[in-house]
Amino acid sequence: KARLIVSLILVLVVYGEFNFIKNIVPQTESLFRLSSNSTILDASVYEGKEESIIYNARYFIFALVAILLVGPKLKSVLFDPVYIIREPVLVETELKSLAQMERKKALFKTTSTDQSSKLKMRTYRRIGQTPPPYPNSWYKILSSEELLPGQCIDIQFLGQVVVVFRSEDGSKVSCLDAYCPHLGANLGVNGQVIQDTIKCAFHGWRFDAQGTCVDIPYADKVPAIAKTKTYITIERNKMIFIWFDAEGREPHWFPPDVPEIAIGEYRLHGRTEHRIRCHISEIPENGPDTGHLNVLHTELTVKTLGLHKLLNHYWEASWKAGAEEERSAEQEEEDLKNQKGSWKGKHLAHIMVYHRIQWLKSWNIPGMSLDVTITQVGPGLVFLHFTTAFGFIYVIETVTPVQPMLQLVTHQVFAERKVPRFFAKIVLNNMITQFEKDVPIWNNKMYLKNPMIIKEDGDILKYRRWFTQFYSENSPNVGKDICNDW
């Protein structure tokens, strides 16, 4: 921001330098001068006796400084995608900052302060009676560009550690339990991908995509029981998803496909990552929670010239559960066989958001409105559709449980090729700015099983009833079925 502000000042100064500058010089038959009605230097005769347009060295100085200031950032702003990673504000970090702040206060005020009570309070957080932490769903684990052909990566996912690897020809992605059933080595640490199998770095056992051991280099025969757990994977919209079902059932729905992303008509402009300490259901619950929008998200982020005191955001939103798609049994079977996703079904929810910029919280400013169509697909996948003057923009939000109360949230922005990159990044930045206003709330709130809801709170209870479809009899419960080493 400082670079851009200084550069803007320099541009204004340079513009002034381009005007006719009065200088007392001898008459010259031919001089290069700037035409008063254009920005092209041309050669002509100027017959003034006391005034001439001369080459001004200050222009070059200002231009050079402007280039030095803006140059390194110009390519990044206009052409490079943006990647932002936000780690959670850990309790330990909060305690350390609080202790340092209080020590400084005590030092300058020469008074003693007992920190024990305050620090002790900060270590407690009532989680509440949460639903099972891992709903049955598809979850994003990686972006496609993060897993190269012949590469393997170990990832923490649903309280477990898995290894994801791509075949050497790049055509197939597989996911297994990360720990080799032989002696427990992590297949993702120094493991080697051979064709479409992964080789353990410890003893060289090789496993295929089905989790079956296909080779032990020092054994005559591979035991039939030499297998490890596998996960169903799918690659869609330049993202890799894993299917989880507490009952071990096959997927009965798939993430919808955006063909324009697959064929490159929509290009990726940036990605953000946040780690948030809350239950997975609380993040998408913001959709039906319309009451918080005009409380938490009204202040304008631009504070230049005090505009945030004059202008404000105004929101209206509606939430609706998806209806079951009418399909024949044969069509449904065919769609599942082809892993076809759909924009209809009871596992979807639809949200309409109407956004306005207001003057003094009273008058809508013309041309400053934006309507967003949002489709939630299962617990952890959300599509946001923006129609702008530059073209169509997709923002895809994913929520993946790392641990029972730790979620990895990503946002990826795709747009038509005619949309300038800087504009797509502005859309992503503004969205993330609003998103990050919710993060401190999520990181510190308690889940209430029976909240005190009023009619103006929107469709929160309808949303929670909709969310229960993703649980089943054996969905794990915190403290009962899940190890507490997290």
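Worth knowing before you read on, the calculation uses all heavy atoms, side chains too, and leaves out hydrogens, waters and symmetry mates. Quick caveat: nothing in here was measured; it's all calculated off a predicted structure.
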K.L.:
Applying salt bridge (charged side-chain N to carboxylate O under 4.0 Å, His left out), name anything that partners Arg417, two or more places apart in sequence or on another chain.
P.N.:
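In terms of salt bridge (charged side-chain N to carboxylate O under 4.0 Å, His left out), with neighbours along the sequence ignored, Arg417 is linked to no residue.
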
K.L.:
Can you name the residues that form a side chain to side chain donor-acceptor pair (under 3.5 Å) with Trp138, not counting sequence neighbours?
P.N.:
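Per chain and number, Trp138 pairs via side chain to side chain donor-acceptor pair (under 3.5 Å) with no residue.
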
K.L.:
Does the pair Val164 and Val173 meet the rule for a side chain to side chain contact (heavy atoms under 4.5 Å, CB included), with working shown?
P.N.:
CA-CA 7 Å; Val164 185; Val173 175; 3.7 Å; yes

K.L.:
List the atom of Ile198, the atom of Cys152, and the distance in Å for their closest heavy-atom pair.
P.N.:
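Closest heavy-atom pair between Ile198 and Cys152: CD1-CB, 3.8 Å.
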
K.L.:
What's the separation between atom CD1 in Ile242 and atom CD in Gln160, rounded to the nearest 0.5 Å?
P.N.:
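The distance works out to 11.5 Å.
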
K.L.:
Any side-chain donor paired with an acceptor under 3.5 Å for Ser144 and Glu235?
P.N.:
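Side chains of Ser144 and Glu235: pair found under 3.5 Å.
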
K.L.:
Determine all donor-acceptor pairs shorter than 3.5 Å in which one atom belongs to a side chain in residues 186-193; sequence neighbours excluded.
P.N.:
| from | atom 1 | to | atom 2 | distance (Å) |
| --- | --- | --- | --- | --- |
| Asn186 | OD1 | Gly188 | N | 2.8 |
| Asn186 | ND2 | Asp154 | OD2 | 3.3 |

K.L.:
Would you compute the distance between atom CZ of Phe165 and atom CD1 of Ile194 and round it to the nearest 0.5 angstrom?
P.N.:
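Between atom CZ of Phe165 and atom CD1 of Ile194 there are 11.0 Å.
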
K.L.:
For His182, what residues pass the ring pair (Phe, Tyr, Trp, His ring centres under 6.0 Å) criterion, not counting sequence neighbours?
P.N.:
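Per chain and number, His182 pairs via ring pair (Phe, Tyr, Trp, His ring centres under 6.0 Å) with His203, Trp205.
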
K.L.:
For Trp315 and His355, take the angle between the two ring planes, folded into 0 to 90°, and tell me which bin it lands in: parallel under 30, tilted 30 to 60, perpendicular over 60.
P.N.:
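Aromatic pair Trp315/His355 classed tilted.
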
K.L.:
Would His274 and Phe435 count as a close aromatic pair, with their ring centres under 6.0 Å?
P.N.:
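Between His274 and Phe435, the centre distance is under 6.0 Å.
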
K.L.:
Can you tell me how far apart CD (Glu416) and CZ (Arg267) are? Round to the nearest 0.5 Å.
P.N.:
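Glu416 CD to Arg267 CZ: 11.5 Å, rounded to 0.5 Å.
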
K.L.:
Hey, what do you get for CD (Glu168) to CG (Leu148), rounding to the nearest 0.5 Å?
P.N.:
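Interatomic distance, Glu168 CD to Leu148 CG, rounded to 0.5 Å: 13.0 Å.
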
K.L.:
So, Glu247 versus Ser472: side-chain donor-acceptor pair below 3.5 Å or not?
P.N.:
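There is such a pair between these side chains.
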
K.L.:
Arg464: which residues meet the salt bridge (charged side-chain N to carboxylate O under 4.0 Å, His left out) condition with it, sequence neighbours left out?
P.N.:
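In terms of salt bridge (charged side-chain N to carboxylate O under 4.0 Å, His left out), with neighbours along the sequence ignored, Arg464 is linked to Glu285.
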
K.L.:
Going by side chain to side chain donor-acceptor pair (under 3.5 Å), name the residues that satisfy it together with Glu145, two or more places apart in sequence or in a different chain.
P.N.:
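Scan of Glu145 (side chain to side chain donor-acceptor pair (under 3.5 Å), adjacent residues dropped) gives Arg271.
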
K.L.:
Does the side chain of Tyr447 reach to within under 4.5 Å of the side chain of Ser281, using non-hydrogen atoms?
P.N.:
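Result yes, sub-4.5 Å side-chain heavy-atom pair found.
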
K.L.:
Could you go step by step and tell me if Arg275 and Leu406 meet the side chain to side chain contact (heavy atoms under 4.5 Å, CB included) rule?
P.N.:
CA-CA 7 Å; Arg275 291 181 181 266; Leu406 178 62; 4.1 Å; yes

K.L.:
Can you classify the ring geometry of Phe467 versus Phe470 as parallel (below 30°), tilted (30 to 60°) or perpendicular (above 60°)?
P.N.:
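If you compare the ring of Phe467 with that of Phe470, the planes turn out perpendicular.
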
K.L.:
Mind running side chain to side chain contact (heavy atoms under 4.5 Å, CB included) on Tyr231 and Leu158 for me, showing each step along the way?
P.N.:
CA-CA 12 Å; Tyr231 295 86; Leu158 302 185; 5.8 Å; no

K.L.:
In residues 378-400, what donor-acceptor pairs under 3.5 Å come from side-chain atoms, sequence neighbours left out?
P.N.:
| from | atom 1 | to | atom 2 | distance (Å) |
| --- | --- | --- | --- | --- |
| His385 | ND1 | Tyr394 | OH | 3.4 |
| Thr388 | OG1 | Phe390 | N | 3.3 |
| Thr388 | OG1 | Gly391 | N | 3.2 |
| Thr388 | OG1 | Gly391 | O | 2.6 |
| Glu397 | OE1 | His411 | NE2 | 2.8 |
| Thr398 | OG1 | Thr410 | OG1 | 2.4 |
| Thr400 | OG1 | Lys140 | O | 2.5 |

K.L.:
As an exercise, state the distance from CD1 of Ile432 to OG1 of Thr272, rounded to the nearest 0.5 Å.
P.N.:
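Answer rounded to 0.5 Å: 3.5 Å.
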
K.L.:
Going by the salt bridge (Lys or Arg N to Asp or Glu O under 4.0 Å) test, which pairs reach into residues 192-201, not counting sequence neighbours?
P.N.:
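The answer is none; no pair qualifies.
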
K.L.:
Answer yes when Arg166 and Glu146 have at least one side-chain N-carboxylate O distance shorter than 4.0 Å, and no when they do not.
P.N.:
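Not counted as a salt bridge, because no side-chain N and carboxylate O are separated by less than 4.0 Å.
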
K.L.:
Applying side chain to side chain donor-acceptor pair (under 3.5 Å), can you list everything that pairs with Asp208, at least two apart in sequence or on another chain?
P.N.:
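Side chain to side chain donor-acceptor pair (under 3.5 Å) list for Asp208, sorted by chain: empty.
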
K.L.:
List for me each residue that meets salt bridge (charged side-chain N to carboxylate O under 4.0 Å, His left out) alongside Lys445, sequence neighbours excluded, and say none if there are none.
P.N.:
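Partners of Lys445 under the salt bridge (charged side-chain N to carboxylate O under 4.0 Å, His left out) test: Glu282.
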
K.L.:
Can you list everything that forms a side chain to side chain donor-acceptor pair (under 3.5 Å) with Glu316? Sequence neighbours excluded, please.
P.N.:
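Side chain to side chain donor-acceptor pair (under 3.5 Å) list for Glu316, sorted by chain: Tyr314.
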
K.L.:
Could you work out, with salt bridge (charged side-chain N to carboxylate O under 4.0 Å, His left out) as the rule, every residue matching Asp257, not counting sequence neighbours?
P.N.:
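Checked Asp257 against salt bridge (charged side-chain N to carboxylate O under 4.0 Å, His left out); zero matches.
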
K.L.:
Does a donor on one side chain and an acceptor on the other come within less than 3.5 Å for His252 and Asp245?
P.N.:
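Absent: no donor and acceptor within the cut-off.
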
